[in-house]
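Step one of this worksheet: look at the structure below.
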Amino acid sequence: CPIARCQLAFLLLLLDELRVPPARCALFDPAFSEREAAALRALGLCLLPENEEGKHGIEGAATLFYMVHCGKALYNNLLWSNWSPAALSKLVIIGNSFRGIEERLLSRILERDYSYIAKVLKGVEEVALPSHPRYLDTFNDTSVHWFPLDKLQGLSPEVWDFVEEPMYRDCEDLEIIRKGEE
């Protein structure tokens, strides 16, 4: 099955298993065609009206983000939007392995371009999804991430002081579609 359909099937099964009504699941991808958007709405899913570039705050509620094969800037923006121990401890991300990102990037690039990922590495727990030979390209490098409050509170207080919005001015391989560039 094509990758996107397998990922959608997994999302729908996950919602069912967690007993989350599809209408409580908000989606956005600037690459969605009208046909894809209509199909997602027909499944009862909610489409966000605009490109938030991953800058989605949880507003105090425990929230699961399903972000398989997203660009590093989306994860970094999500972390920035929820940059406090209280908020991050209510967040779970199913997406690209943060450890894999750390291994593949030079540390100076990680710290310069994706500083929120770099700063939270010691405060995150991560478990890789098991690999399956039939779905190697579908969920490769995918992990479940959560942020235990005690680990976050154990980070240096300076970690929480810097809250400048990420801009990606010098980023050579920005893997997101910016707002207004859809």
Side-chain angles (χ1 to χ4, degrees), residues 1-16 18 20-59 61-83 87-88 90-98 100-102 104-105 109-110 112-118 120 124 129 135-145 147 163-182:
C1 90
I3 292 172
R5 279 192 281 189
C6 288
Q7 292 170 344
L8 175 60
F10 181 83
L11 173 61
L12 294 172
L13 289 169
L14 183 63
L15 291 173
D16 186 58
L18 296 175
V20 174
R24 296 224 22 234
C25 179
L27 304 173
F28 185 84
D29 189 328
F32 283 152
S33 69
E34 283 301 318
R35 186 174 170 200
E36 289 166 330
L40 293 168
R41 284 188 201 98
L43 290 169
L45 301 165
C46 174
L47 273 72
L48 294 173
E50 64 179 34
N51 184 353
E52 297 179 347
E53 296 179 357
K55 298 172 185 171
H56 191 85
I58 63 163
E59 300 172 11
T63 306
L64 170 67
F65 288 87
Y66 182 69
M67 303 174 66
V68 179
H69 297 311
C70 288
K72 294 178 285 294
L74 288 174
Y75 300 107
N76 199 58
N77 289 348
L78 176 65
L79 294 170
W80 169 77
S81 295
N82 296 285
W83 197 245
L88 289 176
K90 294 178 181 171
L91 202 115
V92 174
I93 301 171
I94 298 176
N96 297 6
S97 167
F98 285 11
I101 291 170
E102 178 185 32
R104 287 187 294 276
L105 279 181
I109 301 292
L110 179 64
R112 182 193 72 197
D113 295 341
Y114 310 106
S115 63
Y116 293 95
I117 295 172
V120 84
V124 65
L129 289 186
Y135 303 108
L136 287 177
D137 292 340
T138 309
F139 296 106
N140 65 315
D141 195 41
T142 302
S143 293
V144 179
H145 306 81
F147 307 85
V163 291
E164 185 176 310
E165 182 174 1
M167 298 310 252
Y168 310 106
R169 289 185 186 98
D170 301 319
C171 188
E172 296 173 11
D173 64 340
L174 193 61
E175 304 166 312
I176 66 169
I177 298 173
R178 305 294 300 256
K179 189 174 190 173
E181 295 176 2
E182 294 93 7

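Computed from a predicted model, the values in this text were never measured in an experiment.
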Please report the closest heavy-atom contact between [X] and [Y], naming both atoms and the distance.
| X | Y | value |
| --- | --- | --- |
| V163 | W80 | O-NE1, 2.9 Å |
| L91 | F65 | CD1-CE1, 3.7 Å |
| C6 | F139 | O-CZ, 4.0 Å |
| K55 | S81 | CA-OG, 3.0 Å |
| L15 | P22 | CD1-CA, 4.3 Å |
| S97 | S143 | CB-OG, 3.6 Å |

Is the side chain of [X] donor-acceptor paired with the backbone N or O of [Y] at a distance under 3.5 Å, no angle test?
| X | Y | answer |
| --- | --- | --- |
| N82 | I58 | yes |
| Q7 | V68 | no |
| H145 | I93 | yes |
| N96 | I101 | no |

Inset, instruction - Verify the neighbour count for atom CD of E165: are there more than 12 heavy atoms of other residues, nucleotides or ligands below 6.0 Å? - result: yes
Inset, instruction - Go through the steps to decide whether L45 and L8 satisfy the test side-chain contact (heavy atoms from CB on, under 4.5 Å), and finish with yes or no. - result: CA-CA 11 Å; L45 301 165; L8 175 60; 4.1 Å; yes
Out of curiosity, [X] [atom1] to [Y] [atom2], how far, rounded to the nearest 0.5 Å?
| X | Y | atom1 | atom2 | result |
| --- | --- | --- | --- | --- |
| E53 | N76 | CD | CG | 12.0 Å |
| L11 | D16 | CG | CG | 11.0 Å |
| I3 | T138 | CD1 | OG1 | 5.0 Å |
| C70 | N77 | SG | CG | 11.5 Å |
| D113 | L105 | CG | CG | 8.0 Å |
| E164 | Y116 | CD | OH | 7.0 Å |

Going by the angle between their ring planes, with limits at 30° and 60°, are [X] and [Y] parallel, tilted or perpendicular?
| X | Y | answer |
| --- | --- | --- |
| F10 | Y66 | parallel |
| Y114 | Y168 | tilted |
| Y75 | F98 | perpendicular |

Inset, instruction - Show the numbers, then the answer: is there a side-chain contact (heavy atoms from CB on, under 4.5 Å) between L110 and K72? - result: CA-CA 10 Å; L110 179 64; K72 294 178 285 294; 6.0 Å; no
Legend entry - Option among H56, E52, M67 that satisfies the side-chain contact (heavy atoms from CB on, under 4.5 Å) test with L74: M67
Inset, instruction - Kindly write out the residues that satisfy salt bridge (Lys or Arg N to Asp or Glu O under 4.0 Å) with R104, not counting sequence neighbours, or none if the list is empty. - result: D141
Inset, instruction - Go through the steps for I94 and T142 under the test side-chain contact (heavy atoms from CB on, under 4.5 Å), then give the verdict. - result: CA-CA 7 Å; I94 298 176; T142 302; 3.9 Å; yes
Legend entry - Partner residues of T63 under the side-chain hydrogen bond (donor to acceptor under 3.5 Å, both in side chains) criterion, sequence neighbours left out: none
So, do [X] and [Y] sit near enough that their side-chain heavy atoms are less than 4.5 Å apart?
| X | Y | answer |
| --- | --- | --- |
| L88 | V120 | yes |
| D29 | N51 | no |
| L64 | L14 | yes |

